[in-house]
2 protein chains.
Amino acid sequence: MATDRDTVLEAAVGVLSRRPTAHLDEIARAAGISRATLHRLFPGREALIREVGLLGLRRFAAALDTAGVEEGDAEPALRRLVDASVPDAMLCAFLAGENQLYDNDEINDLWELQIARLHALFLRGQQQGAFRIELSAAWLSEAFFDLVAGVGWAIQDGRLAPRDAAFSLAELFLGGALRRPEATGATAGHSTADPGTTDPLTSDRSTTDCRPDTDKP
Amino acid sequence: MATDRDTVLEAAVGVLSRRPTAHLDEIARAAGISRATLHRLFPGREALIREVGLLGLRRFAAALDTAGVEEGDAEPALRRLVDASVPDAMLCAFLAGENQLYDNDEINDLWELQIARLHALFLRGQQQGAFRIELSAAWLSEAFFDLVAGVGWAIQDGRLAPRDAAFSLAELFLGGALRRPEATGATAGHSTADPGTTDPLTSDRSTTDCRPDTDKP
DNA sequence: TTCATTTGAGACATTGATGTCTCAAAATTA
DNA sequence: TAATTTTGAGACATCAATGTCTCAAATGAA
């Protein structure tokens, strides 16, 4: 079934992201190939793991590219990044969980590079006044990636509908869990598909007052 | 050094949370004991892993208890939970990453129980009007735990100062990453209010000025 | 059809972690 | 001090996963 290298790697992620110690038998079975063929494609477990990691990093880097995180305002850039990275959330989950990759220089460098791009995005957003400055850009980067990974796990285990993923991630990360006093009825019902697609109506953004007096101690 | 079982388990977490495949030698060394003694305390790797998982779940359950998540308003309850769970964030990171524990009934039941309590907290918060209803309580539970785990990893690797952990977690999770326009006056930002360029779907950017930690020393 | 290539299934040796043992050194207690 | 207990270091045996092979079957091309 999956004779292509990347296809095999994606099947491997499905197993490895949840059980890093899975045997090669399992991985081969998940990919629909025999252990012999798996071994022909990737000479050994270590090579397989490394290639999965590299695939994940390539995909995340591609997501940063297609989102154009270096351009424009930070907030829409981050929303684009959400849309671009959610499809590969499972790869990111693998990256987040598999930390024994970090003794590999190639992976390490690539990883640092992407994290630096993410960090720069948040820093720019803070400088633009879009993101909060009480939270360090490093923490925002870290937390964002953790949530992308969380989305990957949740989708894989069926706890989160793929359709809701991008919306849930973007809204929680950007807006937080607290409900705000209504502005207009803006946050409409269910997001559905793709938050990136335009929705002509809500073009106005009414800012409203701060949270009212529902104050607490 | 660490002759107590729980002390050994905590040392084990320090290793296992980042490298689930660490050898028993490493774990023993990290705990400051010999492999023989480690084996006397825990008969086998499987037992050790299981006990670490149980310790993590017990600690998280204790955090839910001391925070009193079943009582009072949901938001302050969650803030209390943050404070109570951050000290054991590394244990939670282990729980989040080690998913091969889930074939153990005892652990599974305990896990489901705590997640149910978390879920109930968010559900109550939504009914009280404190938490957003566009995000499912299940997703909020999941994301919260992911961020707790993220805090654990970040602290362990020195990317987050322990002093900042509770604040960073609570503020990001509750308030989100977006800066809110100042309530009282002067707007500082430039691009925040640029109506033209921003993303359509845009949740309302209404806001609260999530005041920083109310409950912090 | 025939030939060439790839795949799958299994056998086999290797490797390395684990489980188990012993005994000397250290620690604790009387 | 002497006696008891605990610990550490190491030497094995065991066992499971991996790496490597062969060969028949399947696939695809000519």
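Per chain, numbering begins at 1; letters A, B, ... match sequence-line order. Values in this document were obtained by computation on a predicted structure and should not be read as measured data.
For the pair A/His39 NE2 and D/dT22 C1', the interatomic distance rounds to 15 Å; values are reported in whole Å. Remark: C1' of D/dT6 and CG of B/Asp4 are 15 Å apart, rounded to the nearest angstrom. One atom, CZ of A/Arg35, and another, C1' of C/dG8, lie 12 Å apart when rounded to the nearest Å. In this structure, B/Arg40 atom CZ and C/dT18 atom P are separated by 17 Å, rounded to whole Å. If you measure from atom NE2 of B/His23 to atom P of D/dA17, you get 15 Å, rounded to the nearest angstrom. Atom-to-atom, CG of A/Leu24 to P of D/dA16 comes out at 16 Å; the value is rounded to the nearest Å. Atom P of nucleotide D/dA9 and atom CG of B/Asp25 are separated by 11 Å, given to the nearest angstrom. Rounded to an integer number of Å, the gap from CZ of A/Arg29 to C1' of C/dT7 is 17 Å.
Across every non-hydrogen atom of A/Leu172 and A/Ala177, the tightest pair is CD1-N, 3.9 Å.
The existence of a salt bridge linking A/Arg59 and A/Glu10 is confirmed by a sub-4.0 Å separation between a basic side-chain nitrogen and an acidic carboxylate oxygen.
Taking for each of A/Arg45 and B/Ala36 the nucleotide of DNA chain D with the nearest heavy atom, the 5'-most of the two is the partner of B/Ala36. DNA chain C is contacted by both B/Ala22 and A/Ser34; A/Ser34 maps to the nucleotide lying nearer its 5′ end (nearest heavy atom per residue).
A distance below 6.0 Å separates the ring centres of B/Phe145 and B/Trp111.
Side-chain contact between B/Arg58 and B/Leu55 is present, with heavy atoms from C-beta onward closer than 4.5 Å.
Dashed line: the shortest gap from a side-chain N or O of A/Thr37 to OP1 or OP2 of C/dG8 is under 4.0 Å.
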